[in-house]
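Single-structure report; data block below.
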Number of protein chains: 2
Amino acid sequence: MGERPVRNPLGIALKSNRATMADVAKLAGVSRQLVGFVFQGKSGYSPEAAARVHKAAKQLGYRPNLAAQSLRRDTTKIIGVVFDPRESSPLEIIQSLYKVSAKNGYEVILSAIADDRDEDEAIHELIGYRCEGLILIASRLPTEKLTLLASEIPFISVGRQLDSSIADSVCSDGAKGLELVVDCLASKGHTDIAYINATSMLHSEVRLSGFLNATLRHGLPQQVIEIEGDYTEESGAIAADILLKKDLMPTAVACSNDQQALGLISALRVAGISVPSQISVAGYDDSRVAGFSFLSLTTVHQDAEELAEMALNRLIERISDQSLVPSVLLSPVSLVMRKSVVAKSL
Amino acid sequence: MGERPVRNPLGIALKSNRATMADVAKLAGVSRQLVGFVFQGKSGYSPEAAARVHKAAKQLGYRPNLAAQSLRRDTTKIIGVVFDPRESSPLEIIQSLYKVSAKNGYEVILSAIADDRDEDEAIHELIGYRCEGLILIASRLPTEKLTLLASEIPFISVGRQLDSSIADSVCSDGAKGLELVVDCLASKGHTDIAYINATSMLHSEVRLSGFLNATLRHGLPQQVIEIEGDYTEESGAIAADILLKKDLMPTAVACSNDQQALGLISALRVAGISVPSQISVAGYDDSRVAGFSFLSLTTVHQDAEELAEMALNRLIERISDQSLVPSVLLSPVSLVMRKSVVAKSL
DNA sequence: ACAGAACACTAGCACGTGCTAGTATTTTAG
DNA sequence: CTAAAATACTAGCACGTGCTAGTGTTCTGT
């Protein structure tokens with residue numbers, strides 16, 4: 001049952017004998033086309049026929065062949081997502097992307113970057129599946145390659161802000177986020193506030209500008225700790241070392257992201273500095289770590305679902321009208337107050 | 001150029017005008033079949049023809065349509081991978097899976113679990129792509145569903161040990177790992193060792209048995225802290241609370257995994273307990289966090305690449321011979337000594 | 001010089017599905 | 001009561017590729 005003729009000269013049945021529409025149709029006693037209509041939710045068949053089709057499909061364990069669908073359809077309805085599993089922030093966005101895509105009738109195919117698999121390769125795989133558009137999460141591709149890619153396929157950069165001469169990008173409003181942080185710290189009486197700037201990160205400039213704006217507005221000194229590293233726990237630990245060597249430590253520190261804050265706080269605690277009683281620390285991202293009871297990090301919240309929604313909606317717009325002028329979209333941010341920031345002790 | 005007739009009655013060109021083999025063939029002045037041979041690396045053409053094909057393909061930006069390939073091939077050469085981006089351990093395995101798959105001529109398709117997308121759905125998508133086999137990372141499916149799935153498609157469970165009446169599984173040798181940890185702690189003079197057992201995790205029993213074996217062997221008291229939670233930082237923090245309430249704290253603690261150890265250590269430090277000078281802590285997984293300078297966690301190392309290789313090799317075996325008797329594979333483990341474990345202070 | 005093999009290529013069907021265009025049968029409208 | 005319209009289906013091509021079976025042309029060995 002369910003067997004199909006095998007053309008293989010060796011007589012070995014290579015093809016999996018998974019049921020096709022034709023098998024379902026045969027069992028249900030209808031034409032293959034009707035099975036297709038039923039599965040596409042179109043009209044043009046009786047409830048009885050539909051019931052028989054569903055029953056037969058269930059009995060045979062039928063699943064539509066997505067490759068065949070994508071091949072035949074005028075539009076594949078597939079969005080490709082490139083991400084780096086070594087980074088934690090993309091993961092929350094992926095969650096939301098599935099949700100938002102389903103709502104818009106799109107399928108998602110993920111393509112990860114790995115040690116011996118660069119972004120180019122990940123992208124080419126997705127193009128191989130004839131994705132209608134790509135979402136590049138925290139892309140590190142040089143701008144020239146992005147420009148080239150934009151001429152080949154619609155895409156949007158998430159988390160990395162691009163010059164609008166290149167392509168669409170969405171990220172959280174980093175400048176605004178850091179202004180919120182500084183406002184909060186200032187309102188708690190802090191006047192000696194340091195910002196940890198990891199220069200090798202792509203949106204470091206935007207966040208730095210927010211810090212500088214806010215401190216200027218409050219008439220505070222602008223103390224920036226430059227780190228060559230990236231947004232990892234380790235760079236936070238390095239920043240802690242620098243702080244510890246100072247004669248006078250700031251009373252509050254704004255970090256570039258939550259992971260950095262975790263590293264900073266942990267390293268300070270190892271050195272015997274208590275957070276928050278001796279020094280207040282704020283993060284950025286409101287990632288999973290921020291909620292940990294032992295951190296309870298005051299941080300800038302970016303709604304992953306809203307970010308995903310903005311990205312996908314814009315991408316869908318672009319797919320239907322490739323002549324759109326690229327733009328930078330900023331998703332709104334808010335401050336989540338937790339326990340890592342307290343009023344300055346006198 | 002590159003345009004193809006559009007059958008759409010509205011006259012809207014829905015199909016992307018991405019080049020096909022036929023386009024390449026036309027430009028190169030050869031037949032479509034020859035283009036196929038060239039791309040499949042088969043013999044049967046002259047170097048000159050191949051050069052023209054490659055040139056034309058590059059000029060047109062040709063990429064093979066993976067959907068068409070998968071549809072037409074007798075064997076799709078696709079392995080499906082189900083993972084939960086909310087967990088950190090799968091991510092290192094995914095990295096390795098790409099590498100190992102490529103070596104064996106398989107394509108990988110990822111399918112993530114999300115809030116409103118359960119494991120069933122993730123699996124069905126992969127079946128839709130006609131994967132030849134599945135790799136379920138840290139699956140939480142009930143055993144009945146797994147048994148049913150095994151009759152439908154070859155798969156292997158990674159990180160969750162299954163009864164060999166169900167299906168293949170690979171995980172690190174958890175019992176051995178904890179024996180290594182206890183041996184190490186005992187050799188440093190620790191006699192009062194606690195194990196944090198997160199009961200809701202799937203392989204907790206195996207690791208616990210290793211702890212019990214080793215402590216028995218060393219003639220040590222068997223102090224197990226039962227936590228209802230999972231292997232997260234938060235459950236480590238909960239364990240820390242329990243420890244802190246004790247009259248006499250153990251001098252060493254073995255955790256179920258690194259994340260838990262991070263939570264435990266952080267919570268202890270907040271409470272003013274110094275790690276490792278007052279209490280030694282060991283983890284499990286040798287994940288990214290273990291190497292952080294402020295943790296420097298002694299932990300059990302599982303080679304993600306070896307795990308991936310074992311899983312894929314076994315899966316490929318099963319694909320070619322579905323009658324294999326399921327087995328449990330244990331990947332070797334080793335202890336990575338860092339600074340979170342020190343000799344017991346007198 | 002001639003058969004056979006090796007080479008360089010082309011023809012045409014098939015994979016499983018979506019789409020448009022049909023064909024009966026039943027229902028509705030005037 | 002007849003024509004038109006709606007319903008419930010079926011027929012057949014097409015998507016881009018892989019595979020087997022060809023067809024000519026050039027090389028080999030005797």
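Chain naming here is simple, since letters A, B, ... match the order of the sequence lines and numbering starts at 1 in each. The figures that follow rest on heavy atoms only: side chains count, while hydrogens, waters and symmetry mates do not.
Atom CD1 of A:Ile78 is separated from atom P of C:dT17 by 15 Å (rounded to the nearest Å). Distance OH (A:Tyr45) to C1' (C:dT23): 20 Å, rounded to an integer number of Å. Taking atom CG of B:Leu66 as the reference point, atom P of D:dT17 lies 10 Å away to the nearest angstrom. In this structure, CZ of B:Arg73 is placed 13 Å from P of D:dT20, rounded to the nearest angstrom. The CD atom of B:Gln40 sits 8 Å away from the C1' atom of D:dC19 (whole-angstrom rounding). Between B:Leu71 atom CG and D:dA14 atom P the separation is 17 Å, expressed in whole Å. A:Arg63 has its CZ atom 13 Å from the P atom of C:dT17, to the nearest Å. The nearest whole Å value for the distance from the CE atom in A:Met21 to the C1' atom in D:dC15 is 15 Å.
For B:Gln69 and C:dC15, the shortest distance from a side-chain N or O to OP1 or OP2 is not below 4.0 Å. Between B:Thr20 and the phosphate of D:dG16, there is no side-chain N or O to OP1/OP2 separation shorter than 4.0 Å. Residue A:Ser46 has a polar side-chain atom (N or O) positioned under 4.0 Å from OP1 or OP2 of D:dC9. Residue B:Lys42 has a polar side-chain atom (N or O) positioned under 4.0 Å from OP1 or OP2 of D:dC19.
Nearest-nucleotide mapping onto DNA chain D: of B:Ala22 and A:Gln33, the residue sitting toward the 5' end is A:Gln33. In terms of position along DNA chain D, the nucleotide closest to A:Gly44 lies nearer the 5' end than the nucleotide closest to the other residue of the pair A:Arg32 and A:Gly44.
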Mind running side chain to side chain contact (heavy atoms under 4.5 Å, CB included) on A:Met310 and A:Glu306 for me, showing each step along the way? CA-CA 6 Å; A:Met310 287 173 73; A:Glu306 179 150 13; 4.1 Å; yes

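Salt bridge present: A:Arg86 and A:Asp115 bring a charged side-chain N and a carboxylate O closer than 4.0 Å. Taking 4.0 Å as the cut-off between side-chain N and carboxylate O, A:Lys145 and A:Asp120 count as a salt-bridged pair.
No donor-acceptor contact under 3.5 Å links the side chain of B:Arg18 to the base of D:dG16.
The structure places CD1 of B:Ile79 at 6.0 Å from CD1 of B:Ile316, a figure rounded to the nearest 0.5 Å. With values rounded to the nearest 0.5 angstrom, B:Arg117 atom CZ is found 11.5 Å from A:Leu97 atom CG.
Closest approach to the B:Leu34 side chain among C:dC15, D:dC9, C:dC9 is made by C:dC9 (side chain taken as heavy atoms from C-beta onward). Set against D:dA14, D:dT17, C:dT10, the side chain of A:Arg72 has D:dA14 as its closest nucleotide. Among the nucleotides C:dT17, D:dC9, C:dT10, the one closest to the side chain of A:Asn65 is C:dT17.
Open room surrounds NZ on A:Lys26; 12 or fewer heavy atoms of other groups in view lie less than 6.0 Å from it.
Backbone-only engagement by A:Tyr62 is indicated by non-hydrogen atom pairs under 4.0 Å involving sugar-phosphate atoms exclusively. Within the 4.0 angstrom heavy-atom criterion, no nucleotide atom of any strand lies near B:Lys77. As judged by a 4.0 angstrom heavy-atom cut-off over every strand, A:Ala49 is placed among residues touching the sugar-phosphate backbone only.
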